[in-house]
Number of protein chains: 2
Amino acid sequence: MKRIYIAIAIIISTTTVGQEADPSFVQKIFQKSLGEQQGYYWLKNLCEEAGPRLAGSKGDDQGVMWAYETLDTLGYDLVQKQLVDVRHWERGVETATYIKRDKQGYRMMKKLNITALGGSVSTPGGNEGKGIKAEVIEIKNREDLYAKRMELKGKIAFFNEPMDPWLINTGSAYGKAGWQRWGGASEAAKLGAVASINRSLTHRLDDFPHTGAMTYQPGVKKIPAAAISTNDAEWLSKELEKNTEGIIHLTIGAKDIGRRNSNNVIAEIKGSEKPDEIILVGGHLDSWDLGTGAQDDGAGVAHAMHAVWLLKELGYKPKHTLRIVLFANEEFGLDGARKYAKEGLEKGRKHVLCIESDGGSGAPRGFSLPREIHDNNPSMIKALDKLLARYGCREWTQGGSGADVSQIVDDGVLLCGYRADSQRYFDYHHTSQDDIKSVHPRELELGSASIAAFIYFFDQNL
Amino acid sequence: MKRIYIAIAIIISTTTVGQEADPSFVQKIFQKSLGEQQGYYWLKNLCEEAGPRLAGSKGDDQGVMWAYETLDTLGYDLVQKQLVDVRHWERGVETATYIKRDKQGYRMMKKLNITALGGSVSTPGGNEGKGIKAEVIEIKNREDLYAKRMELKGKIAFFNEPMDPWLINTGSAYGKAGWQRWGGASEAAKLGAVASINRSLTHRLDDFPHTGAMTYQPGVKKIPAAAISTNDAEWLSKELEKNTEGIIHLTIGAKDIGRRNSNNVIAEIKGSEKPDEIILVGGHLDSWDLGTGAQDDGAGVAHAMHAVWLLKELGYKPKHTLRIVLFANEEFGLDGARKYAKEGLEKGRKHVLCIESDGGSGAPRGFSLPREIHDNNPSMIKALDKLLARYGCREWTQGGSGADVSQIVDDGVLLCGYRADSQRYFDYHHTSQDDIKSVHPRELELGSASIAAFIYFFDQNL
């Protein structure tokens, strides 16, 4: 779909940006955020009360209830749930044992730390079945997959491409190595493999496997897909150098349960001058099932709730309608975002700016901006930088708004993303370690304040 | 002492800065740093082999030995120890019990998490004595100290000014609240107090007391000085609101042992064009005694060793002499720095630029620069920013080089400091929590690479 930016481009180019943004008000935002720790309190509460929030699970229900009830006490002009139909998948047993032949015959060598990928089918017989036993072939990268294309028949493919340590932004390294998890199973299945395991997507060497969504290509046999920890990937790689006949016994009980109900949770403050124009700030309520989703994306939920609350508590009367949207099921198909973007809440209102936080609770680094601002409006970036650089927020990159808000295609909408410091994010992402202990209150709340200031700036300048 | 900057100012103003700095070489520095994790390995090794390194302690000796032996394997043109006479103080027993009167008489209410401040005298009788029992008076800030000046006679002063949460750089908040620890005891003693306790210097609410140096004013009675954890400070403050007759029983066994030997450890690569002009990079080897000093200042030691090693391993031939100096006893009187600055190593050589890392292992934010560059040489800052901003290193502030290198007053020397992200530093600073677990390898090594690039830039441009 082609987006039409003419309207907003005219607005931006004819506005004297930055004139109206008051640095002392931005200072108050930061002081309120750092002084009270409201965001951290909410996040801790969400993690404790709802726990893991896999789409369609009981925790997901509890997350929705927590968000609705919390927002409902804060005096907004609207607090509403929007029903969303979500895919629901459940984890079952998951074991992987490496077996090796020695003089006494085949013998168990090592249990691997493993987790099924989201969407994986089970091994035959599911939780009660005997699993799959097959020789394992290491695939080091895409070229290696091609080179070993004749060897995979009947085997377990072991994708082992580490995240590139040389990329400063760890999200870029995640994107680059992500093909193994997203699509490795079908690539391997096309070549006759019976199952697929991949190295967990993190720079860190540890024992925690990282789950995450995977997809099967239409028409290709669905084979079980799982991730092993980085320590185990390193170990297995070394072992396979010495012994090319290693076998893995894999049991995966995961399965699709069907569709269930979840909800987007929405709250707003009506705009005083342009109530039909919406500035949206969002995160997603769902998480993976292994941890309590404090980083992914409890931090985004806390940021969105906290940023708007800060403006409200400081008595700020927005010109545009400020809307918090906590999306359902980002992790497993963007169901909430698609529903919200397609149906919205009502007719006759449009989004002018949407911002998402879905990169964890790290200290602020900056914001990603759409091309209309990044390339075509240097004075706006200069004004933003003048307002926010003193708080450590100085990176103004092009693109990458976050998956949920990227579904919103209203004419001229500006899609932006909050960029937290990325170095620690993939230590926790999609693991049992993604919990409140990984969150630093001040880092989280510098983020909320940065987002509140960003919203304030655009509310003044659009 | 007045510093003469004329020589260097002329050099700077007549140099076309940034022309010679090669961004692709800087990229190689970052790739080598992030790819190999040499700095993290060294830091882990130092923490494990030497452990806590309080000046004059066995751990301090082991730290010196570790540094000398490690540097000695790396092929530098010079590796040398420089003997330093250091003050040695030792911790003894330390207990604090809050006691309250109720209907049954005085009764123990709560044991407080406490640590003696570095340099504190003991309570009477030291480890074997009965300690001090006295009523406790809370002092909320400097004004409150004045207001309660008539109440302190015979009492224990409880300084409880939290670090200001509104300051974005936590080091500034530390500086602002630090008077309680540095000088609280003598201020209280002048008013007749018998002991002094202070709230630990950290934003975080937890159970870990933070030690650190304190000084007695000449001619003022020396009273015991200790810090309690922030959770206990909050608890005690609330308790004293309800009950103004609370008593604390304090036992502190700490004492000065006398002078001992320690060493600065020094290594260098001789300059190819200006061997008599030194670019120095340093940190301090000593730490407090409660943790293993991974942040303070193991990170600085690792940064200095790693930054020069990166340049060396990449085959870089410096124009100036590059010198690593790991200083002795920064925490307790700057003995190593004073000795180094006063006596140097030999005659006829001078320092042109010194940089210190003493703010922990956080991700790079930028560098502090002397006024000659910061205020008078915007083109140099622009060139540095062009080279380093892509790595998240973009804050160029004036002043604050680090205590050790600030002792060096060679004519025209430029004193600079590495600025790591500061949000987590005071969670660990001077506590039992300051250990390798608090260090993130990538953050540490982005720092080493930033410092190496900074050195490279100035080696090219001075």
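Just so it is clear, the structure is predicted and the values come from calculations on it, not from any experiment.
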- [ ] Answer with side chain, backbone, both or neither: which region of A/Ile168 has an atom nearer than 4.5 Å to a non-hydrogen atom of chain B?
- [x] both

Open item on the list: For a 4.5 angstrom cut-off between non-hydrogen side-chain atoms, does B/Arg204 reach A/Arg442?
Closed with: no

TODO: Measure distances from B/His203 to the heavy atoms of chain A and classify the residue's part below 4.5 Å as side chain, backbone, both or neither.
DONE: side chain

Open item on the list: I need the residue from B/Glu395, B/Arg424, B/Arg365 with the largest number of non-hydrogen atom pairs under 4.5 Å to chain A.
Closed with: B/Arg424

Task: Pairs of heavy atoms under 4.5 Å with chain B: top-ranked of A/Glu443, A/Arg394, A/Glu445 - done: A/Arg394

- [ ] Take atom NZ of B/Lys28 as the centre, draw a 6.0 Å sphere, and report whether it contains more than 12 heavy atoms from other residues, nucleotides or ligands.
- [x] no

TODO: May I ask you to check whether over 12 heavy atoms, not counting those of A/Lys32, lie within 6.0 Å of atom NZ?
DONE: yes

Open item on the list: Measuring only between side-chain heavy atoms, which start at C-beta, is A/Glu36 closer than 4.5 Å to B/Pro165?
Closed with: no

- [ ] Tell me, yes or no, whether the heavy-atom count around B/Lys140 atom NZ, taken from other residues, nucleotides or ligands under 6.0 Å, exceeds 12.
- [x] no

TODO: Between chain A and each of B/Gln423, B/Gln37, B/Gln31, count heavy-atom pairs under 4.5 Å; write down the option with the most.
DONE: B/Gln31

TODO: Determine whether more than 12 heavy atoms belonging to other residues, nucleotides or ligands lie under 6.0 Å from atom CH2 of B/Trp166.
DONE: no

- [ ] Tell me, for A/Thr170 versus chain B, whether the close heavy atoms (under 4.5 Å) come from the side chain, the backbone, both or neither.
- [x] side chain

Task: Toward chain A, the part of B/Asn169 with a non-hydrogen atom under 4.5 Å - done: neither

